[in-house]
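Quick caveat, the model's predicted, so the values are computed rather than measured. Atoms within each ligand, like the ligands themselves, are counted from 1 in listed order.
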Amino acid sequence: MSKQTDDFFKNIISHAKEYGFVFPSSEIYDGLSAVYDYGQMGSELKNNLKTYWWKSMVQLNENIVGIDAAIFMHPTTWKASGHVDGFNDPMIDNKDSKKRYRADQLIEDKIDRYEKDGKTDKATRLQKDLDDAITADDLVRLKAIIEEHHIVCPISGTKNWTDVRQFNLMFATQMGAMAEEAEKVYLRPETAQGIFVNFLNVQKTGRMKIPFGIAQIGKAFRNEVIARQFIMRMREFEQMELQFFIRPGTEMEWYEKWKATRLKWHLALGADATKYRYHDHVKPAHYANAAVDIEYQFPFGFKEVEGIHSRTDFDLKQHQEYSKKKIQYFDPEINQNYVPYVVETSIGLDRLFLTVLANSLVEEDLSTEEKKDSRVVLKFHPAIAPVKAAVLPLTKKDGLPDKAREIMTKLKLDFNIQYDEKDAIGKRYRRQDAIGTPFCITVDYQTLEDNTVTIRHRDSMEQERVPAADLRNIIGELVSWNNLLEQLM
Ligand code: ATP
């Protein structure tokens with residue numbers, strides 16, 4: 001990371017904390033590694049991102065329905081899905097610092113370094129070596145690569161490495177009060193399996209016809225070997241997943257369709273298109289025959305935000321085998337029974353949250369010849385802004401607060417509104433800019449006479465005088481979900 005991007009990333013983290021978006025978990029006890037809490041602004045933003053996803057998936061598509069499955073599942077689920085045996089990351093320890101790393105990530109960091117130093121050929125060759133070792137599951141080769149490229153531990157600075165070993169990422173706990181009866185259960189590492197085991201329930205009760213999808217938003221847990229980069233890689237996080245069930249043989253067509261649809265969804269939020277790219281997987285996971293990531297250019301480089309996987313009939317077939325229950329669909333159009341194929345879109349809500357912060361946070365220089373000035377603004381798309389408008393009485397006296405509250409009372413039926421009467425008006429505008437509020441409504445002496453207010457627009461900072469009675473329409477039009485959803489039609 002260059003100094004500038006490093007500073008920008010630090011700014012994002014400190015802004016998120018200062019304005020109530022994200023706090024380290026149990027901070028009074030010095031936090032818990034890779035676990036975070038969303039504060040008063042963060043949970044609003046997160047809810048809005050969920051709503052955007054849910055509406056675009058479930059509401060806009062008549063053949064997609066949503067469910068909410070439990071975090072705990074029968075332990076055989078994870079045998080069937082392959083997670084008990086195969087959900088591993090290659091880890092390596094440095095014997096001097098006693099720090100643990102993901103072997104592939106150490107190598108990826110080295111590739112980044114070569115690229116930054118202009119050693120493109122070396123970077124390309126190393127990428128190929130890494131891909132080959134990963135494809136072959138060759139842990140010995142991974143260690144050899146680390147040694148050949150003189151990769152040192154960032155803490156100790158030494159090359160005193162252990163061998164590379166596999167590490168299972170699932171958290172386990174016990175279910176049942178008595179130790180003897182207790183059964184080992186896992187905290188789900190992905191939400192997808194809750195959809196697969198409910199395939200027949202939903203298909204039958206919803207009378208769903210293929211092609212159709214089941215969507216779900218929920219928590220997932222992974223004991224990441226190394227957690228870093230703020231809410232990028234957490235041990236408890238949230239996923240928004242769609243499993244789209246299709247006729248075998250049509251998977252590539254749907255895979256391409258979902259690939260395009262999902263990128264469009266990201267871009268609708270207003271990001272610069274050059275910040276996104278596709279990254280094809282060299283070695284798709286054990287269940288997939290094609291996989292691509294949608295990557296976003298974070299301050300620390302392009303990284304995955306969403307994965308799109310053609311999961312074939314792997315999961316349903318596995319559950320059929322392990323549960324000994326037939327999981328099939330009768331397709332009346334071709335008069336055949338089959339196990340459906342699946343195309344999955346899986347996005348991490350927390351990573352999406354980070355892209356939105358990174359995309360929206362700007363520091364603007366407002367200096368004039370007379371004085372230096374600047375402001376920090378979160379330029380969220382208005383539909384996802386945590387607070388839609390702030391109502392601000394110009395002064396704390398002469399009945400202005402009462403008038404302001406009267407206006408707020410009407411607006412709060414439709415929108416999340418803040419009331420603020422503390423400090424000078426300019427300072428209050430800045431506070432709202434910092435949390436991304438699209439509108440500030442100022443109530444002044446003229447309001448008492450003719451019931452008009454000034455409305456200030458966050459991005460242009462322009463102010464106009466409008467009748468208080470028009471506020472609902474003015475705000476409603478700009479913050480409407482339609483502005484986002486229409487772009488997807
Ligand atoms: P990575 O390669 O970064 O570990 P992954 O390929 O294991 O990610 P998937 O299993 O495809 O990720 O999960 C789908 C999505 O869930 C990812 O695109 C990401 O947005 C999110 N996700 C996965 N792991 C984490 C995590 N530890 N913290 C936050 N989000 C995560």
Side-chain angles (χ1 to χ4, degrees), residues 22 25 32-38 42 46 49-50 53 78 81-83 86-91 101-109 130-131 134 166-171 187-196 215-243 255 258-259 262-263 265-266 276-288 290-296 298 300-311 314-315 342-358:
V22 184
S25 158
L32 182 66
S33 169
V35 186
Y36 289 90
D37 296 338
Y38 287 85
K46 209 170 161 206
L49 292 171
K50 287 192 218 182
W53 187 85
W78 306 110
S81 69
H83 284 82
F87 193 52
N88 303 315
D89 273 342
M91 65 169 194
Y101 299 92
R102 253 176 73 174
D104 55 332
Q105 276 176 2
L106 280 178
I107 299 171
E108 265 165 21
D109 290 348
L130 172 63
D131 292 345
I134 296 275
Q166 292 289 18
F167 175 77
N168 192 288
L169 301 184
M170 280 199 295
F171 282 101
L187 298 185
R188 65 180 177 197
E190 63 174 25
T191 57
Q193 299 305 324
I195 295 179
F196 293 128
Q216 175 168 227
I217 300 177
K219 289 268 181 158
F221 304 82
R222 294 183 189 178
N223 198 2
E224 297 283 358
V225 176
I226 166 157
R228 56 180 185 176
Q229 289 156 340
F230 191 39
I231 52 174
M232 183 71 198
R233 188 170 297 286
M234 303 157 90
R235 296 207 164 97
E236 172 179 342
F237 58 101
E238 212 157 343
Q239 288 185 318
M240 305 195 286
E241 295 198 308
L242 166 74
Q243 307 301 326
Y255 174 74
W258 279 112
K259 220 174 123 172
R262 293 306 304 151
L263 183 58
W265 184 93
H266 285 275
Y276 284 91
R277 73 176 188 197
Y278 291 120
H279 172 80
D280 287 308
H281 281 214
V282 202
K283 187 197 172 200
H286 59 276
Y287 49 75
V292 65
D293 295 336
I294 294 180
E295 293 188 336
Y296 174 79
F298 289 97
F300 39 83
F302 273 100
K303 295 278 178 253
E304 169 179 353
V305 187
E306 173 156 6
I308 295 138
H309 310 121
S310 169
R311 288 182 86 124
F314 175 84
D315 301 88
V342 173
V343 171
E344 164 187 80
T345 73
S346 173
I347 175 171
L349 178 53
D350 312 271
R351 283 192 194 174
L352 171 69
F353 189 102
L354 189 55
T355 67
V356 168
L357 282 187

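F230 pairs by the ring pair (Phe, Tyr, Trp, His ring centres under 6.0 Å) definition with Y36, not counting sequence neighbours. Listed by chain and residue number, K46, K50 satisfy the side-chain hydrogen bond (donor to acceptor under 3.5 Å, both in side chains) test with E238 (two or more places apart in sequence, or in another chain). Listed by chain and number, the residues in a side-chain contact (heavy atoms from CB on, under 4.5 Å) with F302 are R277, E295, Q297 (sequence neighbours excluded).
With contacts defined as side-chain heavy-atom distances shorter than 4.5 Å, the pair E108/R102 does not qualify.
In summary, the side chains of E306 and H266 do present a donor paired with an acceptor at a separation below 3.5 Å, with no hydrogens or angles considered. For E344 and Q243, the side-chain atoms include at least one donor-acceptor pair closer than 3.5 Å.
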Write none if no such pair exists; otherwise list each N/O atom of ligand 1 with its protein N/O partner under 3.5 Å and the distance.
| from | atom 1 | to | atom 2 | distance (Å) |
| --- | --- | --- | --- | --- |
| ligand 1 | 3 (O) | R233 | NH2 | 2.8 |
| ligand 1 | 3 (O) | R351 | NH1 | 3.1 |
| ligand 1 | 3 (O) | R351 | NH2 | 3.1 |
| ligand 1 | 4 (O) | R233 | NH1 | 2.8 |
| ligand 1 | 4 (O) | R233 | NH2 | 3.4 |
| ligand 1 | 6 (O) | E304 | OE1 | 3.2 |
| ligand 1 | 7 (O) | R222 | NH1 | 3.0 |
| ligand 1 | 10 (O) | R222 | NH1 | 3.1 |
| ligand 1 | 10 (O) | R222 | NH2 | 3.0 |
| ligand 1 | 11 (O) | E304 | OE2 | 3.4 |
| ligand 1 | 13 (O) | Q239 | NE2 | 3.4 |
| ligand 1 | 16 (O) | Q239 | NE2 | 3.3 |
| ligand 1 | 18 (O) | E304 | OE2 | 2.7 |
| ligand 1 | 18 (O) | V305 | O | 3.2 |
| ligand 1 | 20 (O) | V305 | O | 2.7 |
| ligand 1 | 20 (O) | G348 | N | 3.0 |
| ligand 1 | 24 (N) | R222 | NH1 | 3.4 |
| ligand 1 | 27 (N) | E224 | OE2 | 2.7 |
| ligand 1 | 27 (N) | M234 | N | 3.3 |
| ligand 1 | 27 (N) | M234 | O | 2.8 |
| ligand 1 | 28 (N) | M232 | O | 3.4 |
| ligand 1 | 28 (N) | M234 | N | 2.9 |

